[in-house]
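Below is one structure; the comments refer to it alone.
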Amino acid sequence: MTKGRAIGLALAFIPTLSGCFESNTEIADTIYLGRNIITMDDANPIARAVAVKDGIILSVGSREKVLQSKGPDTQYISLDDHALLPGFIDAHGHVTIQAQSNSMLNVAPQPVGPVDSIDSLKSVLTEYAESNDLKPGEWIIANGYDDALLAEHRHPSRRDLDAAVPDNPVVLLHVSLHMAVCNSAALDILDINHQTPSPAGGEIERFSDSREPTGLLKEAAMMAIFSKMPTSTMAESQKQLVDTLSYYAQSGITTVQEGAMSPDGLALLQTVAESKKLVIDVVGYPHFRSFSEDALMSLNYGNYENNFKIGGIKIVLDGSPQGKTAYLTMPYLYPPEDKPDDYLGYPQVDQDKLTDRMTRYYAANIPVLAHANGDAAADQLIDAVEIANTAHPGDHRTVMIHAQTVREDQLDEMNTLGIVPSYFSAHTFYWGDWHRDSVFGLIRASRISPTASTVSRNMPF
């Protein structure tokens, strides 16, 4: 297969190619023929043909069996050395955020973007303002900056951004989406100054010699940005979403996730679904801080309508390890400059409130995706699930999103409670050496996303 490539078969409602091995008397629109048709069905792992009608698989199996569905107008497609697979499922993603990001200025490091230092960041911002002939007061929203991969290994400050574009409000969203940096013009609009207190579950970082904000807003502190920065019109947002879904489909992904849905995101997805423009399935999880409890409990969970469903509720327990806001039981190898040596990060949810929420959601049989990067945050979730599951036992399938630093004892408890880890294995590609040399040290960094330990317990992940 060195000359071929993999093709995801984007057909409606078919997560695998299994269960279709019986012949069907209906006439197919299209029959795919090939040597590398991979079904993901252990009983029948390889097929030689697939018959399709109106976007639905009629049969999968041998050529002889599948060709029973041929008709005079059936189209035949020879796959040659290409592989044909079922459509891929996005196990954790943010499709509406991705749609918005596609219209933002890219300030990510290589290989994703062009920024590898504070100076190159300044140049990109200045060039963008000049090439777009921005007037004073017009916003610049940029996405993907990464202090871990900048040459200086630090966050840019408001002073850096002011030097590049002093007359335009600038917001740089961190690659983790757990923090952002604003310049002075943006901070003025957000009404954040030396007197503004840090909110619960977040931090307004200050310069070491004063109370003046550096521009870095962490976790809950960055939420103020989204109510002030300009947004796309509904028509623009719909086009961005449809274009993004087509991009996913071209990569063979047939079910995508919005793992932190806002009220605006829900309205957007419902509007596009009603217009029957969702070309693939979308599963949304409303963010627990973005909706009132009454609103969360009143949503219709688990039922597709026009290729969209609300799958459950998203809870965020801590931040990101590369941004050093994940909640740990052991200190960071090198804490942020303004933090003591015993700095552990911090939780975003009080334990009692988390337990109360989990118990309420378990009683209503609402699935939960819980973001927990640090092992202390994982402890919070495990403790809450144990209490909730005792009160309301069942197959709740709570998912621990990222679960990057879970310990062996935690995996044992997760296995007992039915908590499914959803690992962020791409961290080792982008930030493996950063985690080893700055965040965790060699021993803890070597256990990021412990899939071998998970497999040895026969746990799903």
Side-chain angles (χ1 to χ4, degrees), residues 1-93 95 98-99 102 241-257 272-273 275-283 304-309 311 422 425-426 429 451 455 460-461:
M1 292 174 54
T2 55
K3 295 186 293 184
R5 62 185 176 90
I7 304 171
L9 187 55
L11 302 174
F13 310 117
I14 306 295
T16 72
L17 300 183
S18 62
C20 301
F21 283 84
E22 300 80 10
S23 63
N24 195 304
T25 56
E26 290 189 74
I27 302 303
D29 298 329
T30 306
I31 292 178
Y32 297 84
L33 303 170
R35 297 184 297 277
N36 301 302
I37 297 173
I38 302 170
T39 68
M40 305 303 291
D41 179 2
D42 291 341
N44 300 280
I46 300 293
R48 294 292 180 259
V50 179
V52 177
K53 180 179 181 181
D54 297 328
I56 303 295
I57 294 176
L58 296 179
S59 60
V60 179
S62 67
R63 291 189 179 217
E64 180 183 13
K65 185 175 293 186
V66 171
L67 287 174
Q68 294 176 19
S69 300
K70 70 180 180 180
D73 297 322
T74 299
Q75 178 187 11
Y76 296 93
I77 296 179
S78 175
L79 299 172
D80 298 322
D81 287 331
H82 300 315
L84 181 66
L85 294 84
F88 302 123
I89 294 173
D90 170 21
H92 175 74
V95 65
Q98 182 63 52
N102 290 342
L241 177 62
V242 171
D243 289 346
T244 300
L245 292 176
S246 296
Y247 171 75
Y248 276 94
Q250 290 167 18
S251 300
I253 299 171
T254 55
T255 299
V256 299
Q257 184 184 111
V272 177
S275 66
K276 302 188 185 305
K277 291 182 179 179
L278 294 182
V279 296
I280 55 180
D281 287 346
V282 180
V283 185
Y304 272 109
E305 187 170 352
N306 297 320
N307 290 37
F308 172 65
K309 76 173 179 181
S422 177
S425 54
F429 175 80
T451 50
V455 170
F461 67 95

Contact summary for T255 and I253, nearest pair of heavy atoms: O-CG2, 3.5 Å
Main-chain N/O of V283 paired with Q257 side-chain donor or acceptor, under 3.5 Å: no
Minimum heavy-atom separation for L245 and I280, please, with both atom names. O-CD1, 3.8 Å
Between V50, T39, V60, L33, which is the residue that forms a side-chain contact (heavy atoms from CB on, under 4.5 Å) with L84? V50
Euclidean distance, L278 CG relative to E305 CD, rounded to 0.5 Å: 11.0 Å
Shortest non-hydrogen contact between D90 and V256, atoms and distance: CB-CA, 3.7 Å
Which residues satisfy the side-chain hydrogen bond (donor to acceptor under 3.5 Å, both in side chains) test with R35, sequence neighbours excluded? D81
Is there a side-chain contact between V279 and V242 (heavy atoms, below 4.5 Å)? no
Quick one: side-chain hydrogen bond (donor to acceptor under 3.5 Å, both in side chains) partners of N102, sequence neighbours excluded? Q98, T244
So which heavy atom on A49 is nearest to which on I37, and how close? N-CD1, 3.4 Å
Has K277 got more than 12 heavy atoms of other residues, nucleotides or ligands less than 6.0 Å from its NZ? no
Of all residues at least two apart in sequence or in a different chain, which pass the salt bridge (charged side-chain N to carboxylate O under 4.0 Å, His left out) check with K53? E26
Look up atom CD1 in I27 and atom CG in L58, then write down how far apart they are to the nearest 0.5 Å. 9.0 Å
Taking only residues two or more places apart in sequence, or in another chain, which ones meet D80 in a salt bridge (charged side-chain N to carboxylate O under 4.0 Å, His left out)? none
Set of residues satisfying side chain to side chain contact (heavy atoms under 4.5 Å, CB included) with respect to Q75, sequence neighbours excluded: T30, I77
Once rounded to the nearest 0.5 Å, what's the spacing between atom OG of S78 and atom CD1 of I31? 12.5 Å
Start with the C-alpha gap between D29 and V52, add the side-chain angles, then the distance that decides, and say whether side-chain contact (heavy atoms from CB on, under 4.5 Å) holds. CA-CA 6 Å; D29 298 329; V52 177; 5.8 Å; no
Kindly write out the residues that satisfy side chain to side chain contact (heavy atoms under 4.5 Å, CB included) with N306, not counting sequence neighbours, or none if the list is empty. A273, K276
Looking only at heavy atoms, what is the nearest atom pair of P45 and A43, with distance? CD-C, 3.7 Å
Atom OH of Y247: over 12 foreign heavy atoms under 6.0 Å: no
Looking at side-chain heavy atoms only, is the closest gap between L79 and N36 below 4.5 Å? no
Can you check whether I57 reaches Y32 side chain to side chain, under 4.5 Å on heavy atoms? no
Determine yes or no for a side-chain-to-main-chain donor-acceptor pair under 3.5 angstrom, with S69 supplying the side chain and A28 the backbone. no
